[in-house]
Amino acid sequence: TAKGNVLGQMPNTDHAVVFQLFDEAELLCEKSSNPIGHACAIGCRGRHLRRLGRFAEALACQLAEMAIWEPMNAPNHLAACLLEQSATHYAMGNMSEARQCLDSANALREHLGAQRQDDLDKVAKAILGEQVVIPQAQALPGAYDSPAKAMEAEEQLRNAIANDSQANRAPSATTWRHLLELGNLLLVTGRPSEAAVQLDEALILARKILGIHPNTSANLNLLAQARIELGEFEDAKKLLDEALNLDGKSGSKWSRERGQTLTFLGLLMVRQGRLAESEKYYRQALQILEMILPAEHEALSIPLSGLGCVLDDLGKKEESERLHRRALANDLRAFGPDHPRLATRNHNLGCLLQSMDRLGEARECFIKSLEIDRKAQGTGSREVVGDLARIAELSVSMDDFQDAAKRIGDAVQLLHGSESSEKDLCFKLFYLCGKIHRELSPGEGHSLVRSALGCAQAAFANDSSETGQMLRRM
């Protein structure tokens, strides 16, 4: 037990070895009917699990230790157990439970003639020591409800980082957490270059302060995602390999972090066109996550959707549809119908259904995406224009020319008011006009073509390609 306790506090420890030592200690105590030694071994295991951020398992150990002390009429040890539980609840953010455990410990301490300890912060931090700066691994937002909320969150995080710096204190895991959250925000709002800068800084702190810890793996995964978005595939692969190695050292071969790492490896393979390898990684990720999470958990949605897209490209349409619908149902249950993640799920399902020539169902999916994107991304966002273009394309294929004309007109109007140059969307809309203008009245067709052409000419104004020259001649 003592050896495991010391090894567990050393950097770069193989935590699987630590747990083997605790296993051996508990087995010896059971064979020799040594309840005191057994309680100590379980208690040290709980403290080590807490150090790794595995709080639920730590609490289970502390309760098991307490169950050994209770029939032995050992109030001093029971009080110590309750203080440990209080600190674990504190680390999890369960302040009500932490306070209850502290009050129960104080009742025992008063009975023993010891002084009360009423300052929860002081007690918890004294027990946790450096562990208090290791926050529990928490789910980071995969999207924000609106651009305004994202801007507000970004401002708060930048202010928090500035305050951390001005406080002239040594870098802590609090600073690490702020950098990680800012990097995640920049990622989900489409700024991978800025995200990589923040996540690089966070990783330096994670390696220094957290060491072998699930949060370090989470940091590596997010930075890898930024590298993938930037097309820096070799760097991304190195980061993901490091995360897998870290999970192995911590004994977390069936963890959410490992599932996330395998999910990003699946994404990396997709971006490199290696679909068979991508399918393998996505399936491994799901195998882990489905073992440790309920079947309807929202954390399964990303690998489900990713695997669905890969299977679509591989021609495995029926399984792809089942996975896409399951991902959609999970996110709908977790986030409600208007969350931005539902726009992505409907978009992916719509693409599959379009490839299966189920055009009406596909169009309904893109209409749902459009409704969500208008609320979440803003009426003039690229996502909204893209949805309108997709719906118009489907309406053309369904010979619903009036609907197509309306969607094209709405999209062109939004692009005219946009400051960014969206060449691909502008040209696609102009191309769709060419397919339907003869199906409209002469005035309506002429107006629509002129508007779409003007939009495309503006987008290609400084483009010397053959397409740009052709549009300027029209």
Salt bridge or not between R191 and E154? Use side-chain N to carboxylate O under 4.0 Å.
yes
Look at E321 together with R325 and state whether they make a salt bridge at an N to O cut-off of under 4.0 Å.
yes
With the threshold set at 4.0 Å, does a side-chain nitrogen-carboxylate oxygen contact exist between K316 and E279?
yes
Whether K368 and D338 form a salt bridge (side-chain N of Lys/Arg under 4.0 Å from carboxylate O of Asp/Glu) is what I want to check.
no
Can you tell me if Q62 and R47 form a side-chain donor-acceptor pair at under 3.5 Å?
no
Do R358 and E361 sit within salt-bridge range, that is, some charged N less than 4.0 Å from a carboxylate O?
yes
So for atom CD, which belongs to E24, do other residues, nucleotides or ligands contribute more than 12 heavy atoms lying within a distance under 6.0 Å?
no
For residues S86 and A98, report the shortest heavy-atom separation together with the two atoms involved.
OG-O, 2.9 Å
Evaluate side-chain contact (heavy atoms from CB on, under 4.5 Å) for F233 paired with R227, printing each intermediate quantity in order.
CA-CA 7 Å; F233 300 141; R227 298 291 182 212; over 6 Å; no
How far does CZ of R109 sit from CG of L102, to the nearest 0.5 angstrom?
9.5 Å
Quick one: do R283 and E277 make a salt bridge, cutoff under 4.0 Å?
no
Charged N to carboxylate O under 4.0 angstrom, R326 versus D331?
no
Straight-line distance of R322 CZ to L304 CG, nearest 0.5 Å:
12.0 Å
Will you find, in the side chains of N215 and W176, an N or O donor that is under 3.5 Å from an N or O acceptor?
no
Between the side chains of R271 and E229, is the shortest nitrogen-to-carboxylate-oxygen separation below 4.0 Å, so that they form an ion pair?
yes
Is the shortest distance from a Lys or Arg side-chain nitrogen in D23 or R45 to a carboxylate oxygen in the other one below 4.0 Å?
yes
Before giving the answer on side chain to side chain donor-acceptor pair (under 3.5 Å), spell out for N330 and E296 the whole-Å C-alpha distance, their side-chain angles and the decisive distance to 0.1 Å.
CA-CA 5 Å; N330 283 9; E296 68 278 4; over 6 Å; no
Starting at CG of L414, measure out to CG of L425 and round the result to the nearest 0.5 Å.
11.0 Å
So S369 and D387, side chain to side chain donor-acceptor pair (under 3.5 Å) or not? Walk me through it.
CA-CA 7 Å; S369 288; D387 292 335; 4.8 Å; no
Please tell me if the side chains of R382 and E422 come closer than 4.5 Å, counting only heavy atoms from C-beta onward.
yes
L28 atom CG, neighbour heavy-atom count above 12 within 6.0 Å:
yes
Rounded to the nearest 0.5 angstrom, the CZ-CG distance for F19 and L7 is 12.0 Å
Evaluate whether atom CE of M151 has more than 12 neighbouring non-hydrogen atoms of other residues, nucleotides or ligands under 6.0 angstrom away.
no
Could you measure the distance from the CG atom of L185 to the CG atom of L182? Nearest 0.5 Å is fine.
6.5 Å
Using a strict threshold of under 4.0 Å (side-chain N to carboxylate O), is an ion pair present between R50 and E84?
yes
Once rounded to the nearest 0.5 Å, what's the spacing between atom CG of L353 and atom CG of L359?
9.5 Å
